[in-house]
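Only one structure is covered here, and it is reproduced in the block below.
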Protein chains: 4
Amino acid sequence: MNARLEPCRTETCRQQQQRERILQAAQQCFIKHGFHAASMAGIAETAGMSAGLIYRYFENKSAIIQAIITQQLDERRASVAELASGHDLEQRIIELFIAWRDGSPSVMNAPLFLEIVAESSRDAVIGKAFDESDAATRDAFTAWLSQLAARRQQPTGDQALRVRSIAIQAFIEGLAIRAVREPDIDLDTVRRAVGSVLAHLIDAPAAETESSSA
Amino acid sequence: MNARLEPCRTETCRQQQQRERILQAAQQCFIKHGFHAASMAGIAETAGMSAGLIYRYFENKSAIIQAIITQQLDERRASVAELASGHDLEQRIIELFIAWRDGSPSVMNAPLFLEIVAESSRDAVIGKAFDESDAATRDAFTAWLSQLAARRQQPTGDQALRVRSIAIQAFIEGLAIRAVREPDIDLDTVRRAVGSVLAHLIDAPAAETESSSA
Amino acid sequence: MNARLEPCRTETCRQQQQRERILQAAQQCFIKHGFHAASMAGIAETAGMSAGLIYRYFENKSAIIQAIITQQLDERRASVAELASGHDLEQRIIELFIAWRDGSPSVMNAPLFLEIVAESSRDAVIGKAFDESDAATRDAFTAWLSQLAARRQQPTGDQALRVRSIAIQAFIEGLAIRAVREPDIDLDTVRRAVGSVLAHLIDAPAAETESSSA
Amino acid sequence: MNARLEPCRTETCRQQQQRERILQAAQQCFIKHGFHAASMAGIAETAGMSAGLIYRYFENKSAIIQAIITQQLDERRASVAELASGHDLEQRIIELFIAWRDGSPSVMNAPLFLEIVAESSRDAVIGKAFDESDAATRDAFTAWLSQLAARRQQPTGDQALRVRSIAIQAFIEGLAIRAVREPDIDLDTVRRAVGSVLAHLIDAPAAETESSSA
DNA sequence: AATGAATGAGCCTTCATTCAT
DNA sequence: TATGAATGAAGGCTCATTCAT
């Protein structure tokens, strides 16, 4: 209808905007009450529309939950990609911690993430989606560690890379829990904790993690 | 309450037994369906009693949830105490990972724990209980690290202990997430990941974690 | 309304065309789902127009139902008129049975008819419309029977004609039910059933039906 | 609990009583509004209980509809069995007509029956149940006609019996429609109509219906 | 004339909770 | 103490209807 590129008025775009609006409201509600406790009425009110209208854009409450989960997992992937994109991993992790602590939008939300993990052990569909996301996340980690090792001329075996990936991933995900639980912690403490863990995992020669230390 | 080994017949004791029975059933249901999705009817059936009877022992579904959360947090405290009780932390962490992966009873349940963390960011009462549990858990960690440092004659400052506690706690909690997400991972990989993280955190001289590594 | 064959372009005519289009779609939907289960959205889609537009031509879903009912009753009247128009009633009844069985359009639809009868016992307006249609139908039957009797020089009293009309009508309407219930019945069986009933009702002298046979 | 045979207090019995109460209310509502238009709230109110309680006894609204349909079809079968049980078929049909006209309970309800027929052409489950009921009904008719013919020493072929069964069934079902449509008709007229149809179908020698009358 | 986005009432259903027994 | 029948308050969802465009 409107060929100019300024305000988006296409049919498709309108649909997208509404979906976005609903998803934002839903995310807010899910964060506030959890997936099950959040009500469609609440989501509708938050989105500033009637409950019935939501069903023009989503088949189900379940479909909304799925969309939010997909979104969250995608954001996690993006975060990891960004983590691994440059130097100063430590600083980036701190920023992630702050985002989790403050509940920044556009970053995977920590309580929501934890609920998704819990739900993934119950719902097969969520479990599958999470499996794929986990695989992609793992790959991003290992690829980055591999590049890093290459740059430092410390050739590292696949197994060692995998071990380090898991270690880093577990630690970072643990930080998500801490961000929820200790929003008032001073950042310098966190920074040193991150540093102390990364120091060994990244700087150490491959040999150290190659053999079991048991 | 009743230290004698004879069959307990006191009123109070009977109450306790019934409460226990309900709580066990509730935990089962909560693990299976989550706090909100689990129904009182389901809990009653699992406990082998009528739905109405539960209300003689608990005021609310909410009260049951609170009790379960308290229980879980206590078990976490116990786990940490046990972790820190002896040598070979690595082996104990592996055992914890296995327990989480297999959903062993009598150990803090991983999905439930994650849901509790999420819920703690919504419900003030749960948040407070969790705060106290976190403090106790932290103290247990630092006390143990302190003893360890003393034994190794590596006197370590309070701040450094705190930093290490947080690092270890985050890593271990992150492993709870991984246990849920990757139940099929081979344990040797986990063992090496644990080893690689602990190596630096425990063996390193205090100095390294005393100053920010940024 | 417009007897000329040129394309009709009057406002009124356009209205009529749209109404017709809607009614056809509605009838399709009503046959498929029943009056209450059919949705305005479905009717709109079937008619190839938007849901809102329907309300320019019909005040209500109820109004559409009324219109369809009127149409169906008119078609019934037409069918009866045709039945009674010539010789070989038996053959015409068979054709009606086939039309019902196959759900031919342009003939009163059997399941719809049954639903209308049921509805006529609930809705006063429908009841009234049906009463009038019944009266007209009855008149058509009696008129035809009267002619037939006259042609055969078997003068018959009004009461006897009424009795025969009812008998025939009941039998034919019962065949509508059978057409719905036994679409796979072989037509020869039906033909003989029709024949056996008509034989006595039409060929018999008036006397036999004049007095109660109890 | 109560061994005496007087008031029924068995668990099973209580359940049965409640189911009965619900079914009666449901039937009332279905007759009044039709299957789809009747609401669970209305049924509950009619039954004098809360809506939620109904779900202790029926899984679904659909299950209630199924139960009512089964009941109706069973009652139809019973009616046919009774019709064919003795002499004076005419009188029995009149009584059936009266029952339909007056909506007597404990007899297949006419409008409901018509709606069931209509629905049987849409819902596969209902269709199947109806098929079986139709088969049984047909058998009852033919068996009875066969006995009748034997008693009168008018040996009749299977085909002829089948033809007469269909004819009678169609006529009687048509009377159900007439009972709904013409509740004020005088019974003598109906009696004579019934007589005129039965006269030929029952009294006539087999030969007449054996060959097609076309 | 035509669209389809939007509403809101109402439906079916579930479930925590109560209470008579 | 124990039951489970019963309630009532939501909750998710549908759909006839309206209205801005």
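In this text, all values refer to a predicted model and were calculated from it rather than measured experimentally. Here is how names work: the chains are called A, B, and so on, in the same order as the sequence lines, proteins then strands, and each is numbered from 1.
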### Task
For the pair D:Lys61 (side chain) and D:Ser39 (backbone), establish whether a donor and an acceptor sit closer than 3.5 Å, ignoring hydrogens and angles.
no
### Task
Look only at the side chain of A:Gln28 and the backbone of A:Thr46, and say whether a donor-acceptor pair between them is shorter than 3.5 Å.
no
#### Entry: Closest listed nucleotide, where the reference is the side chain of D:Gln15 and the choices are E:dA6, F:dT3, F:dA5
F:dA5
### Query
Quick one: is C:Arg14 getting a side-chain N or O under 4.0 Å of the E:dA2 phosphate, OP1 or OP2?
yes
### Task
Take atom NE2 of C:His33 and atom P of F:dT14, then tell me their distance rounded to the nearest Å.
15 Å
### Query
Between C:Met40 and B:Gly48, who's closer to the 5' end of DNA chain F by nearest nucleotide?
B:Gly48
### Task
May I ask you to evaluate whether C:Gln18 reaches the phosphate of E:dA2, defined as a side-chain N or O under 4.0 Å from OP1 or OP2?
yes
### Message
I want to check one thing: is the phosphate of F:dA2, taken as OP1 and OP2, less than 4.0 Å away from some side-chain N or O of B:Tyr57?
### Response
yes
#### Entry: Which residue lies more 5' along DNA chain F, comparing B:Ser50 with A:Ala37 via nearest heavy atoms
B:Ser50
### B:Glu115 side chain to B:Phe35 backbone, donor-acceptor under 3.5 Å
yes
### Message
For the OG atom of A:Ser121 and the CD1 atom of A:Ile116, what is their distance to the nearest 0.5 Å?
### Response
12.5 Å
Nucleotide N/O to protein N/O under 3.5 Å, stretch nucleotides 18-21 of chain F:
none

### Task
May I ask you to say what C:Ser39 touches in the nucleic acid, namely base, sugar-phosphate or nothing, with a heavy-atom cut-off under 4.0 Å?
sugar-phosphate
#### Entry: Side chain proximity check, A:Ile54 to A:Ile64, heavy atoms < 4.5 angstrom
yes
### Task
Identify, between A:Ile54 and D:Ala38, the residue whose nearest nucleotide on DNA chain E lies closer to the 5' end.
A:Ile54
### Query
Nearest to the side chain of B:Met49 - F:dT3, E:dT13, E:dT7?
F:dT3
### Flag, side chain of C:Gln72 to backbone of C:Leu112, donor-acceptor distance under 3.5 Å
no
### Task
Output the single nucleotide from E:dT13, E:dA16, E:dT17 whose closest atom is nearest the side chain of D:Asn60.
E:dT13
### Task
Decide whether D:Gln18 and D:Arg21 meet the rule of one side-chain donor and one side-chain acceptor closer than 3.5 Å.
yes
### Query
So, does A:Arg122 use its side chain to make a donor-acceptor pair with the main chain of B:Ile31 at under 3.5 Å?
yes
#### Entry: Consecutive-pair stems (at least three Watson-Crick or G-U pairs, under 3.5 Å) that include DNA chain E
E:2-21 with F:2-21
